[in-house]
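The structure appears below as structure tokens.
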Amino acid sequence: MSRYNVKETESKWQAVWAEQRCFEVEEDPDKKKYYVLEMFPYPSGRIHMGHVRNYSLGDLVARFRRAQGYNVLHPMGWDAFGLPAENAAKENNVHPAKWTHANIATMRDQLKSMGLSYDWRREIATCDPEYYQHEQKMFLDFLEAGLVYRKESWVNWDPVENTVLANEQVIDGRGWRSSAEVEKRKLAQWFLKITAYADELLSAIDDLDRWPERVRIMQHNWIGKSEGAKIAFKIIDRDQPLNVYTTRPDTIFGASFMAISANHPLAQELAADNSKLAEFIAACNRMATSEAAIETAEKLGFDTGLKCAHPVLEGETLPIYVANFVLMDYGTGAIFGCPAHDQRDLDFARKYGLPVTAVVCPPDADASSFRVGDEAFTGDGAIINSGFLNGLSVPEAKTAIIKHFEDMGVGEKQVNFRLRDWGVSRQRYWGCPIPIVHCKDCGIVPVPAAELPVVLPEDIDINVAGNPLDKHPTWKHVNCPSCAKPAQRETDTFDTFFESSWYFARFCAPVKEEAFTRSAAEYWLPVDQYIGGIEHAVLHLLYSRFFTRALKECGYLDLEEPFAGLQTQGMICHETYKDANGKWLFPTDVVIAENGDLTDAKGGVVTRGRSEKMSKSKRNVIDPEEIIKTYGADTARLFMLSDSPPDRDLDWTDSGIEGAWRYVNRLWRLVSEPPFARAETGTARPDNVSASALDLERLVHKTVAAVTDDLEKFHFNKAVARIRELSNAVEDLKGSDDGSAWALRFASETIAIMIGPLMPHLAEEMWHALGHTSLIADTAWPSVNAGMLIEDTITIAVQVNGKLRGTIDVAKDADKESVEQSALMLDNVQSFIEGKEVRKVIIVPNKIVNVVI
RNA sequence: GCGGGUGUGGCGGAAUUGGUAGACGCGCCGGAUUCAAAAUCCGGUUUCUUCGGAAGUGUCGGUUCGAGUCCGACCACCCGCACCA
């Protein structure tokens with residue numbers, strides 16, 4: 001038996017594709033374009049199964065669309081800046097650049113062994129100055145367009161390492177390396193005005209109809225639009241008013257206190273000569289770092305002694321508290337508290353003995369007796385206890401009171417967003433330098449475009465505390481571009497989301513002189529199909545959407561949305577094991593006894609955990625390279641595509657990969673093994689074909705129609721099932737030489753073409769074995785003869801009272817009388833209706849008969 | 001707490017507008033081949049059954065000739081956000 005020789009075959013076809021430059025593309029106005037993009041990887045060292053799944057999905061789409069005649073752009077590159085390189089540098093004493101480039105080399109080879117249809121000429125690495133110089137220019141353009149500003153902002157500061165920590169590096173309020181308690185520090189940082197596009201980014205979500213609903217909702221919530229009012233409260237004996245934001249101005253008559261954030265300027269000011277308040281503020285800031293604390297946190301407040309005048313109740317005053325539940329980041333950092341209609345305000349009021357006055361009466365309650373207990377009433381109802389608002393509904397009262405505030409000149413309608421501006425400064429070495437010079441005399445001076453790129457210095461000491469760029473002996477010392485006096489470079493680098501916010505455009509034309517050629521970008525963009533992990537559902541996708549708009553504003557592009565279609569993929573999971581001490585074990589170290597008992601090598605008790613996302617720490621990782629070496633890329637790809645729909649989690653199993661491998665060999669035997677009564681290459685369809693051959697021919701057309709539809713809809717698991725059905729039918733027929741030779745060839749060739757996007761190497765090998773000298777990669781997707789899809793006879797179900805009692809074969813579109821007759825004649829139907837009256841017979845043409853008794 | 005998703009055999013999963021539930025695969029069982037094993041091939045595989053059938057898509061109820069699919073009320077698990085005023 002000829003076993004499929006994976007290694008030789010796969011590398012052979014990879015070489016052919018490369019040599020014939022099958023996947024190198026150019027803009028071609030005469031062809032319909034299709035841009036397929038998988039989220040580019042961070043070069044962490046080696047590819048993992050998540051990559052294999054991602055790129056198998058993308059390659060399938062790319063090859064399928066190519067076969068359909070599209071001009072397909074399918075590029076690959078590296079998201080190469082980032083913290084892991086710096087960590088590796090510290091641990092292994094290797095320069096981040098060297099580490100990154102070595103990883104890229106390894107991973108590129110691994111990807112190439114998968115036989116992916118990339119145009120490798122377009123490969124980019126974001127750590128290359130040829131790449132990042134363009135984003136430095138973009139930043140300067142954004143600055144000029146007013147989309148960039150600088151302001152003081154809080155960062156996580158590790159006092160032991162003397163460095164800024166990313167949020168992910170803060171674990172339970174402590175630095176992940178030093179375990180030191182993290183402090184909040186204020187640093188001047190650069191921000192991109194994403195909030196300027198908040199409304200547009202929100203409303204445009206409606207048009208992203210090829211995005212998963214889930215992602216759209218997440219983006220929607222992240223932007224978090226709310227409508228309310230801004231109201232200025234007069235502070236007694238002070239000139240400056242206290243501005244609050246509220247979505248419930250209708251409850252103003254129920255206000256009983258004011259609360260401001262611990263970081264509110266007023267609180268800071270008062271703390272200057274009130275040590276108890278300062279202490280309280282410090283306690284609030286400590287608590288904010290721990291998420292668990294927030295969940296259970298008690299409402300705490302500190303009475304400042306100041307009071308506000310009630311804006312509509314003459315003579316009433318409202319005490320001002322500093323409260324731990326008011327966020328400086330949202331609204332104005334100050335609120336008025338209406339305890340009856342907000343749960344937090346109610347908790348707070350009960351704790352500090354503040355009045356609780358209901359001003360909205362629930363529809364089913366009595367206005368004179370309604371009182372709020374432990375639960376605030378947040379629904380709609382009639383306004384009460386509110387002077388001129390009484391009797392109005394909540395929405396009516398909102399409109400009325402806002403009008404009133406406007407007339408008084410103390411308030412107005414306001415829209416608020418949860419979305420914050422994007423802070424892009426990172427106090428890191430391994431990132432793109434921010435092209436700014438700080439001059440004592442001139443202030444902030446952009447680096448002139450002619451002097452770009454600002455290149456990272458190579459000779460750094462990665463082990464210094466703090467930012468190595470800042471500690472570099474010479475790099476930051478330059479002359480001011482404006483006045484030529486000694487000045488200093490900005491030593492912060494960009495957030496790495498900066499690079500991934502425009503790489504899709506760079507792929508369209510990665511030329512030296514500019515970020516991308518405008519005509520090329522406008523030909524290829526938007527990306528028709530973007531594929532990647534759900535973990536990027538918010539930030540990366542939102543930043544890219546913003547960036548594209550910002551690029552438009554600066555004249556780079558005429559485009560708003562970068563990704564027309566999006567697919568998110570599920571995680572790769574694998575079984576987990578723990579020993580008696582709760583330590584994770586490698587599955588290979590677990591011994592399974594015949595009775596199913598699990599032990600480790602030393603006979604200790606082992607428990608099987610649930611299937612979890614593959615991760616090094618859980619010791620349940622399978623290395624794709626091993627799998628590809630043993631079974632080949634096609635087998636791995638088939639396994640990834642077979643059973644689970646792409647957006648669901650996929651369980652890795654040994655038997656699953658074995659099953660895929662079996663099918664690869666089965667397909668190979670289909671074309672390689674005699675006896676096979678198959679017609680010669682190029683044989684025309686004979687006029688007379690046998691009945692079984694005609695059935696097979698019909699099945700081929702049916703399968704092509706179904707598979708095409710499945711592939712277009714991302715139902716890859718169903719497409720695989722269809723192809724398997726067809727190949728099973730071919731196997732059933734292949735021994736019988738009854739004039740089906742042509743149909744067998746037709747079916748085999750069609751299978752070879754259809755598996756092209758799924759198992760490209762095997763497809764070429766089959767095609768070749770079938771006597772072709774051309775490539776599947778250049779072969780058009782099969783077309784469907786619609787006439788072949790119409791069946792002459794149809795099997796329809798016969799029910800009695802809705803229960804299946806048999807089936808009948810009738811001619812397509814047979815008249816109702818004859819269908820009813822043959823249905824009623826069924827023995828099994830007869831036995832059920834015998835002696836009973838047939839009340840009704842329901843006939844749905846070509847589908848079902850239901851006899852009602 | 002708010003928002004979203006998912007519940008179908010031992011497992012992954014299929015089932016056009018309501019119209020033959022369990023496609024395809026994994027696993028398992030039986031058989032063939034083999035000195036033996038691997039590989040391969042053939043057959044079976046929702047459950048119960050008095051072998052006539054009966055029950056069955058998380059639970060309870062409803063609409064319908066007919067419900068996995070539609071409606072109402074719940075339950076469980078998963079994901080996202082979370083003191084957002």
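Letters A, B, ... are given to chains in the order of the sequence lines, protein chains preceding strands, and every chain is numbered from 1. This is a predicted model, so every value here is computed, not measured.
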What interatomic distance, in whole Å, is found between C1' of B:rG18 and the corresponding atom of B:rC70?
8 Å
Any base atoms under 4.0 Å from A:Ser655, or only sugar-phosphate, or nothing? Heavy atoms, all strands.
sugar-phosphate
Counting the atoms with a prime plus P, OP1 and OP2 as sugar-phosphate, which does A:Arg724 contact under 4.0 Å by heavy atoms, base, sugar-phosphate, or nothing?
sugar-phosphate
Whether the side chain of A:Lys299 and the base of B:rC83 hold a donor-acceptor pair under 3.5 Å is what I'd like checked.
yes
Indicate yes or no for a side-chain donor-acceptor contact from A:Ser256 to the backbone of A:Val356 under 3.5 Å, with no hydrogens or angles considered.
no
Applying a 4.0 Å non-hydrogen cut-off, can you work out what A:Asn728 is touching in the nucleic acid: base, sugar-phosphate, or nothing?
sugar-phosphate
Please produce a list of atom pairs where a protein N or O lies less than 3.5 Å from an N or O of nucleotides 28-31 of chain B.
none

Measuring only between side-chain heavy atoms, which start at C-beta, is A:Ser672 closer than 4.5 Å to A:Tyr4?
no
Atom CZ of A:Phe716 and atom C1' of B:rC24 are separated, to the nearest Å, by 17 Å
What's the separation between atom OG1 in A:Thr304 and atom CD1 in A:Ile260, rounded to the nearest 0.5 Å?
6.5 Å
Any base atoms under 4.0 Å from A:Thr795, or only sugar-phosphate, or nothing? Heavy atoms, all strands.
base
A:Gln343 (side chain) donor-acceptor with A:Ala376 (main chain) under 3.5 angstrom:
yes
Using the rule side chain to side chain contact (heavy atoms under 4.5 Å, CB included), only one of A:Val704, A:Val707, A:Thr703 pairs with A:Leu726; which is it?
A:Thr703
Between B:rA85 (C1') and A:Phe417 (CZ): distance, integer Å
16 Å
May I have the distance from A:Asp643 (atom CG) to B:rG10 (atom P), rounded to whole angstrom?
18 Å
Output the single nucleotide from B:rA23, B:rG13, B:rU20 whose closest atom is nearest the side chain of A:Glu725.
B:rA23
Among B:rU20, B:rC41, B:rA85, the one nearest any side-chain atom of A:Arg666 is B:rC41
Syn or anti for B:rG9, with syn set at within 90° of 0?
syn
Rounded to whole Å, please give me the gap between CZ in A:Arg648 and C1' in B:rC77.
14 Å
Mind telling me whether A:Trp661 and A:Tyr631 have parallel, tilted or perpendicular rings, with 30° and 60° as the class edges?
perpendicular
Rounded distance (Å) that lies between atom C1' of B:rA15 and atom CG of A:Asp709:
14 Å
What does A:Arg662 touch in the nucleic acid at a heavy-atom separation under 4.0 angstrom: a base, only the sugar-phosphate, or nothing?
sugar-phosphate
Watson-Crick or G-U wobble partner for B:rA32, using a 3.5 Å limit on both distances?
B:rU40
Nearest nucleotide by nearest heavy atom, which residue falls closer to the 5' end of RNA chain B, A:Tyr330 or A:Ala721?
A:Ala721
Rounded to the nearest Å, what distance is computed from the CD atom of residue A:Glu612 to the C1' atom of nucleotide B:rC78?
13 Å
B:rG3 phosphate, OP1 or OP2, under 4.0 Å from A:Arg214 side-chain N/O:
no
Both distances under 3.5 Å, Watson-Crick or G-U wobble: report the partner of B:rG9, or none.
none
With the side chain counted from C-beta on, respond yes when A:Met759 and A:Val664 share a heavy-atom pair under 4.5 Å apart, and no when they do not.
yes
For the side chain of A:Asp421 and the backbone of A:Thr195, is there at least one donor-acceptor N/O pair under 3.5 Å apart?
yes
Per-nucleotide protein contact string for nucleotides 65-71 of chain B (B base, S sugar-phosphate only, - none; heavy atom under 4.0 Å):
BS-----
For the atom pair CD1 (A:Ile402) and CD (A:Gln414), what is the distance rounded to the nearest 0.5 Å?
10.5 Å
At 4.0 Å (heavy atoms only), tell me whether A:Arg344 reaches a base, stays on the sugar-phosphate, or touches nothing.
base
Touch check for A:Asp654, heavy atoms < 4.0 angstrom, all strands: base, sugar-phosphate only, or nothing?
nothing
What is the base-pairing partner of B:rC60, counting Watson-Crick and G-U wobble geometry with both distances under 3.5 Å?
B:rG72
Checking understanding here: a glycosidic angle within 90° of 0 is syn, the rest anti, so what is B:rG18?
anti
Any strand, both distances under 3.5 Å, Watson-Crick or G-U wobble: B:rA54 pairs with B:rU47
Under 4.5 Å between any side-chain heavy atoms of A:Val798 and A:Ile848, yes or no?
no
Under 3.5 Å on both distances, the Watson-Crick or G-U partner of B:rG1
B:rC81
Measuring from atom CD1 of A:Ile751 to atom CD1 of A:Ile723, what distance do you get when rounded to the nearest 0.5 angstrom?
8.0 Å
What is the separation between atom CZ on A:Phe639 and atom C1' on B:rC26, rounded to the nearest whole Å?
10 Å
A:Arg418 to A:Tyr330, cation-pi by 6.0 Å centre distance and 45° axis angle:
no
Considering Watson-Crick and G-U wobble pairs with both distances under 3.5 Å, what does B:rA14 pair with?
none
In whole Å, what is the span from the CZ atom of A:Arg418 to the P atom of B:rG3?
16 Å
Point-to-point distance, once rounded to the nearest 0.5 Å, from CG of A:Leu696 to NZ of A:Lys702:
12.0 Å
Counting side-chain heavy atoms from CB outward, which of B:rA54, B:rG80, B:rA14 is closest to A:Arg805?
B:rA54
Span that lies between the P atom of B:rG44 and that of B:rG12, in whole angstrom:
24 Å
Check every atom of B:rC83, B:rA14, B:rC81 against the side chain of A:Trp222 and return the nucleotide holding the closest atom.
B:rC81
Taking atom P in both B:rA39 and B:rC29, compute the distance separating them and give it to the nearest angstrom.
14 Å
Examine B:rA23: is either OP1 or OP2 under 4.0 Å from a nitrogen or oxygen in the side chain of A:Asn717? Give yes or no.
no
5'-most contact on RNA chain B: A:Asp649 or A:Lys803, nearest heavy atom basis?
A:Asp649
